[in-house]
Amino acid sequence: MRFDELVYAVVRQIPRGRVASYGQVALLCGNPRASRAVGWALRRNPAPGEEIPCHRVVNREGRLAPAFVFGGPDAQRSLLEAEGVAVDDEGFVDMERYAWYGPTEPPGR
DNA sequence: AGCCTGACTCAAA
DNA sequence: CTTTGAGCCAGGC
């Protein structure tokens, strides 16, 4: 299986209203250091939207991807806010509150 | 095989 | 806090 397919498989599991960091996705793919490769894979996302919610992937600090990536300065923000994820003016999301813990989704939050 | 790129991350100045 | 530099990984050429 291609690495990017693995990335998509993971991203596809991120629930609505939650976000995951590139490092988190890389970890779930088995390569904690492959965060860059994750971004590389998402760059050519074959099915944006509910299929592969790449807008739910943010960097380690909860910072959204650069504007050009989603074709607009508020594209990703709109998608996230639409599903209940608050995004501040600087394009940051509260990781403590929206971070996805993984496929198993441990207790608490 | 080698070199380059990037939606990343960490450490240091 | 901002700016650099370096390590990392997969894929495109």
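Only heavy atoms go into these numbers, but all of them, side chains included; no hydrogens, no water, no symmetry mates. What you are looking at is a predicted structure, and each value in this text was computed from that prediction instead of being measured. Convention: sequence-line order gives letters A, B, ...; per-chain numbering from 1.
- Remark: A/D88 pairs with A/E90, A/F92 by the side chain to side chain contact (heavy atoms under 4.5 Å, CB included) rule, at least two apart or across chains.
- Contacts between chain A and DNA chain C, taken as any atom within less than 4.0 angstrom of a protein heavy atom, begin and end at C/dG7 to C/dG12.
- Annotation: side-chain hydrogen bond (donor to acceptor under 3.5 Å, both in side chains) contacts involving residues 63-76 of chain A, sequence neighbours excluded, comprise A/D74-A/R77.
- Listed by chain and number, the residues in a salt bridge (Lys or Arg N to Asp or Glu O under 4.0 Å) with A/E5 amount to none (sequence neighbours excluded).
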Just distance, no hydrogens or angles: give the donor-acceptor pairs under 3.5 Å from side chains in residues 27-50 of chain A, sequence neighbours left out.
| residue | atom | partner | partner atom | Å |
| --- | --- | --- | --- | --- |
| A/R44 | NH1 | A/D4 | OD2 | 3.0 |
| A/R44 | NH1 | A/Y8 | OH | 3.3 |
| A/N45 | OD1 | A/A47 | N | 2.8 |
| A/N45 | ND2 | A/I52 | O | 3.1 |
| A/E50 | OE2 | A/R56 | NH2 | 3.4 |

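- In this view, A/R16 satisfies the salt bridge (Lys or Arg N to Asp or Glu O under 4.0 Å) rule with no residue, not counting sequence neighbours.
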Which protein N or O atoms sit under 3.5 Å from an N or O of nucleotides 5-8 of chain B?
| residue | atom | partner | partner atom | Å |
| --- | --- | --- | --- | --- |
| B/dG6 | N7 | A/R36 | NH2 | 2.6 |
| B/dG6 | O6 | A/R36 | NH2 | 3.4 |
| B/dA7 | N7 | A/R43 | N | 3.2 |
| B/dA7 | N6 | A/L42 | O | 2.5 |
| B/dA7 | N3 | A/Y22 | OH | 3.0 |
| B/dC8 | O2 | A/S35 | OG | 3.4 |
| B/dC8 | N4 | A/R36 | NH1 | 3.3 |

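- Judged as a salt bridge (Lys or Arg N to Asp or Glu O under 4.0 Å), and not counting sequence neighbours, A/R2 has no contacts.
- Taking A/P66 as the reference, A/F68, A/V69 meet the side chain to side chain contact (heavy atoms under 4.5 Å, CB included) condition, with sequence neighbours excluded.
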